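Heads up: the structure comes next, in C-alpha cells.
Bear in mind the structure is a predicted one, so any value in this text is a computation, not a measurement.
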Amino acid sequence: YKGSAELLLEISAGAGAVIGDRFEEVAAIMAASGAAGVCFDSAHAFASGYDMRTADAMAKTLKSIEQTIGRKSIRLIHANDSKVGLGERKDRHDHIGAGKIGREGFMQLMKHFAVDFILETEHDKVIEDIAVLKTIRKSVS
C-alpha cells in the first residue's frame, strides 16, 4: 500500500470475549499487524477501566499509555461519553458531558491529545455535542 491512509486499532470496551481492551493487548496487535496507530474511543477506554475524569486519573491512564503503545500512537479520538461506570465493560455511548466521564474527562483528553475528535453519539444531539466540545476546547486553549 502506498496511500496516505493509516490503519488504526480502536481500543475495545472489553465486553464478552473480545481482545483489545487493554493497552498491552493493543500494543501486541499493533506489533503483529503493522498498524500505524490507535483510535482512542473514550467510552470504550472508560468501560475498560481507564479513567480520565480528573487530572490524577488521567495521569495514571497516560502512564499506562506511555508504558505500552506510546502517546504518539494515538492518532484519533472517538469522543463518546459513557452510560456505564468505570470498568463495567459495556459499550454504551452517551452525549458529551451527560454520562459518567463528564465534561472534565473531555477537558483532560483535550489537554493531552492534539488530535482530531470524532463524535459517535446519537444523531439527535450531535449539534449540541459539537458545541460542548468546542466550549471545552476553548477552555483548555
Side-chain angles (χ1 to χ4, degrees), residues 1 3-141:
Y1 177 72
S4 61
E6 296 179 310
L7 173 63
L8 302 179
L9 296 175
E10 182 173 339
I11 187 168
S12 73
V18 300
I19 61 169
D21 63 321
R22 308 299 310 156
F23 289 123
E24 293 83 0
E25 293 174 352
V26 173
I29 297 167
M30 285 176 67
S33 68
V38 174
C39 172
F40 183 95
D41 185 302
S42 52
H44 294 180
F46 190 73
S48 292
Y50 295 107
D51 200 352
M52 61 213 76
R53 296 174 292 181
T54 66
D56 287 343
M58 190 67 198
K60 289 178 186 173
T61 294
L62 289 171
K63 183 177 179 183
S64 182
I65 289 168
E66 288 296 348
Q67 292 174 340
T68 54
I69 61 174
R71 192 182 308 200
K72 289 183 179 181
S73 70
I74 295 182
R75 307 275 174 70
L76 179 69
I77 292 180
H78 279 172
N80 308 294
D81 213 322
S82 178
K83 290 183 179 182
V84 300
L86 180 66
E88 287 190 22
R89 303 200 176 287
K90 295 177 186 168
D91 184 6
R92 305 289 187 274
H93 297 180
D94 206 349
H95 294 286
I96 306 301
K100 306 288 185 181
I101 297 171
R103 286 177 180 241
E104 179 65 25
F106 290 94
M107 187 176 298
Q108 291 299 320
L109 285 172
M110 287 187 180
K111 282 181 182 178
H112 296 284
F113 295 102
V115 299
D116 289 333
F117 281 56
I118 295 177
L119 282 168
E120 287 191 314
T121 56
E122 293 293 325
H123 297 291
D124 62 328
K125 294 184 181 179
V126 168
I127 300 299
E128 292 92 338
D129 287 333
I130 292 169
V132 170
L133 286 174
K134 285 182 176 183
T135 300
I136 293 169
R137 183 177 60 201
K138 286 180 187 175
S139 73
V140 298
S141 298

Item to complete: Carefully, step by step, assess Asp51 and Lys60 under the rule salt bridge (Lys or Arg N to Asp or Glu O under 4.0 Å).
Response: CA-CA 8 Å; Asp51 200 352; Lys60 289 178 186 173; over 6 Å; no
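At least one side-chain heavy atom of Ile74 sits less than 4.5 Å from a side-chain heavy atom of Ile69. Put simply, the side chain of Ile65 reaches to within 4.5 Å of the side chain of Phe40, judged on heavy atoms.
In this model, a donor atom of one side chain and an acceptor atom of the other lie less than 3.5 Å apart for Asp41 and Asn80. When only modelled atom types and interatomic distance are considered, Glu10 and His44 share a side-chain donor-acceptor pair under 3.5 Å. Thr121 and Asp129 are linked by a side-chain donor-acceptor pair at a separation below 3.5 angstrom, with hydrogens and angles left out of the test.
Considering all non-hydrogen atoms of both residues, Phe106 and Gly97 come closest at CE1-N, 4.5 Å. Summarising the geometry of Lys100 relative to Val84, their closest heavy-atom pair is CG-O, 3.2 Å, with the distance given to 0.1 Å. The shortest heavy-atom contact between Gly37 and Met30 is CA-CE, 3.9 Å.
Taken from OG1 in Thr135 to CE in Met107, the straight-line distance is 10.0 Å, to the nearest 0.5 Å. With rounding to the nearest 0.5 angstrom, the CD1 atom of Ile101 is 9.0 Å from the NE2 atom of His93.
Here the side chain of Asp81 pairs a donor or acceptor atom with the backbone of Gly99 at under 3.5 angstrom. The closest donor-acceptor contact from the side chain of Asp21 to the backbone of Ala13 lies at 3.5 Å or more, if one exists at all. When atom types are taken as modelled, the side chain of Arg22 and the backbone of Ser48 share a donor-acceptor pair closer than 3.5 angstrom. For the pair Ser42 (side chain) and His78 (backbone), a donor-acceptor distance under 3.5 Å is present. Gln67 contributes no side-chain N or O that, together with a main-chain N or O of Ser64, makes up a donor-acceptor pair within less than 3.5 Å.
The local environment of CD in Glu122 is sparse, with at most 12 non-hydrogen atoms from other residues, nucleotides or ligands closer than 6.0 Å. Summarising the local packing, CD1 of Ile19 is surrounded by 12 or fewer heavy atoms from other residues, nucleotides or ligands at distances under 6.0 Å. For Lys90, the NZ atom counts as loosely surrounded, since its 6.0 Å shell holds 12 or fewer non-hydrogen atoms of other residues, nucleotides or ligands.
Below 30°, between 30° and 60°, or above 60°: for Phe23 and Tyr50 the angle between ring planes is between 30° and 60°, a tilted geometry.
At a threshold of 4.0 Å, the pair Arg53-Glu104 does not count as salt-bridged, since none of the basic side-chain nitrogens sits closer than that to a carboxylate oxygen.
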